[in-house]
Number of protein chains: 2
Amino acid sequence: MAVLKKVYGTLTSPPTLRVLASLYEHDLDFEFIPIDIEAGEHKQEPFLSLNVFSLSLSLSYIIKYNFQSISFQDGDLTLFESRAIMRFIAFAYPKPGKEHIFKDPLTQGVVAAWIDVQDHQFNPPALKLINELIFKPKNGFTPDTTAVAEEEAKLAKVLDIYEERLGESEYLGGEKFTSADLTHLPNLYYLMQTPMNRVIESRPRVSAWCARIMARPAWSQVVEMVKNTKY
Amino acid sequence: MAVLKKVYGTLTSPPTLRVLASLYEHDLDFEFIPIDIEAGEHKQEPFLSLNVFSLSLSLSYIIKYNFQSISFQDGDLTLFESRAIMRFIAFAYPKPGKEHIFKDPLTQGVVAAWIDVQDHQFNPPALKLINELIFKPKNGFTPDTTAVAEEEAKLAKVLDIYEERLGESEYLGGEKFTSADLTHLPNLYYLMQTPMNRVIESRPRVSAWCARIMARPAWSQVVEMVKNTKY
């Protein structure tokens, strides 16, 4: 019998949601072990040995960037960094004809580029907007309207390029859904709950792409998990 | 005859140096086309079509983060994002027994995790220190000593974890040199030119690893290129 995969994470954390989406997309069974960040559980054993970088996260940093630790276990392998876990799952459990990542260098390269575009271009303004408009109000702080305007402008410029890209192909990595699309789901999900849905909805191709990838059954299963949690 | 690979970039930019190191490591011939960032060449054709994200980079952003555009052409493929280019080269032109990246999911996953650790944990403080201690003085600005102290403390915490990791294996991704090590070379090279070499040299295993990877012939070829350039 295969050993059950384990995910240690937090259901309000984009990296955790990225990993859960990967697991559901590949029809894999797993156990989810929630980490109570506010109680500092991520800085204690057994979690500490799983993700050595937890120690370097102060609580203020976590609140500021809504950054939380994530660890994944599959048999003897323990892995951290949500995109590395997403890549591992896609390489280890591919669905023939529906691969999320490729061993062929060229298609692998294009998907890798758009995974990194999400990380370096889309993610920074998206995360700041989500923090200002969702997490700050939830913790009793007032959003910084100047910061919101600045980050909205940055995100808009990035999405102009996405609009162009999505005129060339149905998905960011090509004609099929890949890890390059999946990696966007958590922050798109949060953005769509804020007035920033306007930067998405005002761009027809980005808007259609967003609706298409959020409608995937695997993502609905993640959303169910998020909605059914109290913490 | 194979079409010559082309690299468009800037020899003071860590992403460009990462790509050049990958090419030399794989014994590939290429043409280097320098981009004059200060003249705004990256926002003009033909470079603009090669890397669509250049448009979103303002000069102040470039100076602040020392972030510059990079594009790579190999036949019909045009790729951006330096780590995606590094991955493509390693997948497309592997040296048997000396692979930098792996098709096997488990070893691929471990290398991917440490590539992302560089990106998310090592890079932010390293880049801020390099900016304060090398690029600011070069442009007539005074380093912010408070910021330097803060970033040094952050980098020290990250390198404590590297010191532990390098007790388990000779290199970050395992017993051989991989893309997980290579991706660190540009910022290590700059850090070693500042008083911040102390955070590296005070950690025996990190210090030995740094010396080992910087002594690679491919990296010496990159350093030669950097030293022979006037801009």
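Just the heavy atoms: all of them, side chains too, but no hydrogens, waters or symmetry mates, feed the values below.
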- Query: So which of B/Ala84, B/Pro105, B/Ala92 has the largest heavy-atom pair count under 4.5 angstrom toward chain A?
  - Reply: B/Pro105

- Query: Counting only heavy atoms not in B/Lys103, do more than 12 fall under 6.0 Å of its NZ?
  - Reply: yes

- Message: Counting heavy-atom pairs closer than 4.5 Å to chain A, which one of B/Leu77, B/Asp160, B/Asp104, B/Asp119 comes out on top?
- Response: B/Asp119

- Parallel, tilted or perpendicular: which fits the ring planes of A/Phe91 and B/Phe91, with parallel below 30° and perpendicular above 60°? parallel

- Please name the pair of heavy atoms, one in B/Ala113 and one in A/Leu79, separated by the smallest distance, quoted to 0.1 Å. CB-CD1, 4.1 Å

- Item | Closest-packed option against chain B by number of heavy-atom pairs under 4.5 Å, given A/Leu106, A/Ile89, A/Asp74, A/Ile115 | A/Leu106

- Closest contact, heavy atoms only, A/Arg87 versus B/Ala112: CD-CB, 3.9 Å

- Item | Per-residue contact mode, A/Asp76 against chain B (heavy atom under 4.5 angstrom) | neither

- Between the NE2 atom in B/His120 and the CZ atom in A/Phe80, the distance rounded to the nearest 0.5 Å is 12.0 Å

- Item | A/Val111 portion near chain B, given a 4.5 angstrom heavy-atom threshold | neither

- Greater than 12 external heavy atoms within 6.0 Å of B/Lys98's NZ: no

